[in-house]
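Before any comments, here is the structure.
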Amino acid sequence: MSLVKPSIPKGTRDFSTIEMAKRNYIFNTIKDVYALYGFQQIETPAMENLSTLMGKYGEEGDKLLFKILNSGNFMNGVAEDDLADGGTNRLAAKLCEKGLRYDLTVPFARYVTMHRDEIPFPFKRYQIQPVWRADRPQKGRYREFFQCDADVVGSDSLLNEVELIQIIDEVFHRFGIRVAIKMNNRKILSGMAEIIGAPELLVDITVAIDKLDKIGLENVNAELREKGLGEEALARLQPILLLEGSNEAKLQTLKEVLATSETGLKGIGELSYILSKVNGLRARLDVDLTLARGLNYYTGAIFEVKALDTEMGSITGGGRYDNLTGVFGMPGVSGVGISFGADRIFDVLNTLDLYPADALLSTQVLFVTFGQAELDYALPLANALRLAGIRTEVYPEAGAKMKKQMSYANQKNIPWVAVIGGDEMAAGEVSLKNMITGEQTKVKAGELASKIQ
RNA sequence: GCGAUCAUAGCUUAGUUGGCUAAAGCGCCUGACUGUGGAUCAGGAGAUCGCGGGUUCGAGUCCCGUUGGUCGCCCCA
């Protein structure tokens with residue numbers, strides 16, 4: 001077998017020890033807050049049947065699904081003309097019956113439908129797992145990345161939206177990241193499309209105005225014209241795009257503009273209600289009408305979170321979707337959910353250097369010894385420390401050079417080293433060295449634990 | 001799917017209009033220091049210059065192809 005250059009697939013990453021400590025800090029913080037609000041964790045398989053995934057993410061989404069070649073004789077049932085006519089979709093359907101999950105929401109909808117008889121509704125679940133997309137990797141976009149979803153299904157109450165906003169606020173408060181939460185409502189966008197007489201262009205309109213931040217008003221208008229929006233309609237859209245002022249003022253203006261749209265007014269009512277119930281937020285909560293989000297299954301509230309102190313796209317998103325389980329034969333179940341973008345939060349925490357020191361600490365004490373007898377003497381001491389809850393290592397090579405052992409402690413950022421030689425052994429002591437200050441004192445073996453804590 | 005750009009030691013990079021044995025910093029190993037890391041000093045190992053082809057007396061350098069990274073567009077957490 002020839003030697004291969006080690007490599008990993010395009011758009012995937014290894015996470016090394018420090019990165020994992022940081023990622024675990026992120027995941028644990030999010031989990032703690034989810035649990036605090038009564039959300040329970042589930043996991044679903046990395047792979048789903050393609051029939052579950054196909055057609056749920058639009059035509060683009062289908063192209064971005066990783067498909068898994070059938071095991072065994074995968075050519076079984078493939079006919080000559082399947083190969084001949086370049087119909088890759090049809091061929092793929094015969095060769096692959098499974099695919100890697102593209103997000104956590106669709107597998108969740110599948111899960112809810114399959115387990116509906118065991119689930120207490122409203123069902124509050126969270127799920128932190130990787131998802132895969134055969135996308136072209138670029139800044140902040142990978143082919144394998146983690147989503148941290150929390151959803152409530154089976155409840156139309158807007159208090160769920162309120163709770164999710166509080167969760168977002170609490171999580172970013174714990175991270176120490178200052179954020180602005182932006183909120184909009186899909187019904188308001190529908191109302192807008194209705195009022196300007198172009199309801200059929202709703203999707204195009206949302207896609208275009210979502211870019212307002214990025215490409216500016218002129219370019220948004222140009223794109224809308226290109227999509228077939230008339231000048232009159234465009235003119236009527238402008239005041240809405242340019243809406244400014246307090247949340248209350250924006251909603252007041254909207255009420256007037258959307259007065260004749262039943263859907264639009266309903267969206268305004270929902271927004272107002274949520275705003276009235278959210279209290280004591282530390283984050284800013286802004287109504288932002290240009291927040292549209294690409295996801296077409298959203299039907300009510302839409303959320304997005306941006307960090308205030310660093311340039312980074314959205315670091316959390318979410319919204320309400322009606323009837324998500326409908327495609328699996330379980331109609332009338334509404335859900336609302338959010339998803340923290342762990343990879344981007346990771347970048348933000350790195351940029352702002354906001355990791356708490358103890359989140360990154362691994363081993364607290366290393367036993368360093370001069371030979372086999374000392375090593376044997378160290379073992380029960382190490383176990384005693386572990387019983388006291390102190391993360392402890394014993395350097396395992398008897399007679400390894402002092403320099404080697406000390407360097408190991410240094411490299412792993414271990415704050416305490418317990419040195420054991422013949423003298424210490426005879427006296428029932430250890431020499432305890434503080435690796436930060438360099439100070440070293442002799443300590444009775446029985447007092448080690450108290451010195452370290 | 002389209003476009004730009006980059007690829008030299010474990011890492012970060014230098015390498016002139018194509019020209020001697022491809023250079024440095026960091027890291028690693030050894031020693032100064034046989035009971036002490038992080039500092040300093042001395043020495044050492046480590047590169048088929050991403051891969052394949054072409055031009056040339058001669059290619060890290062120029063040309064073509066290919067793979068991978070990065071960034072942008074489309075799309076999208």
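Computation of the quantities below employed the complete heavy-atom set of this structure, encompassing side-chain atoms and omitting hydrogens, waters and symmetry-equivalent molecules. Just so we're on the same page: letters track the sequence lines, and every chain starts at 1.
The P atoms of U34(B) and C26(B) are separated by 25 Å, rounded to the nearest whole Å. Rounded to whole Å, the C1' atom of U5(B) lies 16 Å from the corresponding atom of G50(B). Rounded to whole Å, the separation between the P atoms of U17(B) and G44(B) comes to 33 Å. Atom name C1', nucleotides U13(B) and A22(B): the rounded distance is 14 Å, in whole Å. Nucleotides A32(B) and G38(B) place their P atoms 14 Å apart, quoted to the nearest Å. Taking atom P on both nucleotides, U8(B) is separated from G1(B) by 26 Å, rounded to a whole Å. Here the separation of C29(B) from C71(B), taken at their C1' atoms, is 39 Å to the nearest Å. With both ends at atom C1', the span from A42(B) to G52(B) equals 44 Å, rounded to whole Å.
In this structure, Phe367(A) atom CZ and G37(B) atom C1' are separated by 18 Å, rounded to whole Å. Rounded to whole Å, atom C1' of G69(B) lies 13 Å from atom CZ of Arg143(A). In this structure, Asp62(A) places its CG atom 13 Å from C1' of C75(B), rounding to the nearest Å. Going from atom CG of Leu366(A) over to atom C1' of U36(B) covers 12 Å, rounded to whole Å. For the pair Asp210(A) CG and C74(B) C1', the interatomic distance rounds to 14 Å; values are reported in whole Å. The CG-P distance, from Leu53(A) to C76(B), rounds to 17 Å in whole Å.
Both Gln440(A) and Gly61(A) lie close to RNA chain B; mapped to their nearest nucleotides by heavy-atom distance, the more 5′-ward contact belongs to Gln440(A). Between Thr316(A) and Ser431(A), the one whose closest nucleotide on RNA chain B sits nearer the 5' end is Ser431(A).
You'll find that the side chain of Lys211(A) is closest to C74(B), out of U36(B), C74(B), C76(B). Ranking C76(B), G68(B), G35(B) by closeness to the Arg141(A) side chain, first place goes to C76(B). Residue Lys10(A) has its side chain nearest to G68(B) when only G68(B), C75(B), G37(B) are considered.
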Query raised in the report: Should Asp286(A) and Lys182(A) be marked as a salt bridge (Lys or Arg N to Asp or Glu O under 4.0 Å) after you check the CA-CA gap, both sets of side-chain angles, and the distance that decides it?
Result: CA-CA 5 Å; Asp286(A) 297 333; Lys182(A) 296 182 175 187; over 6 Å; no
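Put simply, the residue from Arg143(A), Lys22(A), Arg13(A) that forms a salt bridge (Lys or Arg N to Asp or Glu O under 4.0 Å) with Asp343(A) is Arg13(A).
Note that Arg125(A) lies in the cation-pi zone of Phe108(A), set by a 6.0 Å cut-off to the ring centre and a 45° limit from the axis.
No engagement by Glu374(A) is indicated, since no non-hydrogen atom pair under 4.0 Å with the nucleic acid exists. At a threshold of 4.0 angstrom between heavy atoms, the contacts of Arg133(A) are confined to the sugar-phosphate backbone, with no base atom among them. In this structure, Asp343(A) reaches neither bases nor backbone, as no heavy-atom distance under 4.0 Å exists between it and the strands shown. Contacts of Lys412(A) with the nucleic acid, taken as non-hydrogen atoms under 4.0 Å apart, are absent. When heavy atoms are screened at a 4.0 angstrom cut-off, Tyr57(A) is found touching no nucleic acid atom at all. Contact annotation for Gln405(A): no contact, since no heavy-atom pair falls under 4.0 Å across all strands.
With a cut-off of 3.5 Å on both pairing distances, the Watson-Crick or G-U wobble partner of G25(B) is C11(B). When both distances must be under 3.5 Å, the Watson-Crick or G-U wobble mate of U36(B) does not exist. A4(B): Watson-Crick or G-U partner is U70(B), with both key distances under 3.5 Å. Taking a pair to require two hydrogen-bonding distances under 3.5 Å in either a Watson-Crick or a G-U wobble arrangement, G60(B) remains unpaired.
Here Glu170(A) pairs with Arg282(A) in a salt bridge; the nearest charged N to carboxylate O distance falls below 4.0 Å. The existence of a salt bridge linking Lys187(A) and Glu270(A) is confirmed by a sub-4.0 Å separation between a basic side-chain nitrogen and an acidic carboxylate oxygen. In summary, Arg110(A) and Glu48(A) engage in a salt bridge, as defined by a charged side-chain N under 4.0 Å from a carboxylate O.
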Please list, for nucleotides 70-72 of chain B, all pairs of protein and nucleotide N/O atoms separated by less than 3.5 Å.
| unit_1 | atom_1 | unit_2 | atom_2 | d |
| --- | --- | --- | --- | --- |
| C71(B) | OP2 | Lys139(A) | N | 2.9 |

For nucleotides 38-42 of chain B, list the nitrogen or oxygen atoms of the protein found under 3.5 Å from its nitrogen or oxygen atoms, one pair per line.
| unit_1 | atom_1 | unit_2 | atom_2 | d |
| --- | --- | --- | --- | --- |
| G38(B) | O4' | Asn410(A) | ND2 | 3.0 |

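Under the 6.0 Å cut-off for aromatic ring centres, Phe340(A) and Phe27(A) do not qualify, their centroids lying 6.0 Å or more apart. Checked against the 6.0 Å centroid criterion, the rings of Phe367(A) and Tyr395(A) do not qualify as a close aromatic pair. Tyr126(A) and Phe39(A) have their aromatic ring centers separated by at least 6.0 angstrom.
The shortest side-chain heavy-atom distance between Tyr102(A) and Arg133(A) falls under the 4.5 Å cut-off.
Phosphate contact (OP1/OP2 of C29(B), side-chain N/O of Lys401(A), threshold under 4.0 Å): absent.
Expressed to the nearest 0.5 Å, how far CD of Gln129(A) lies from CD of Gln147(A) amounts to 10.5 Å. Rounding to the nearest 0.5 angstrom, the gap separating the CG atom in Leu432(A) from the CG atom in Asn434(A) is 7.5 Å.
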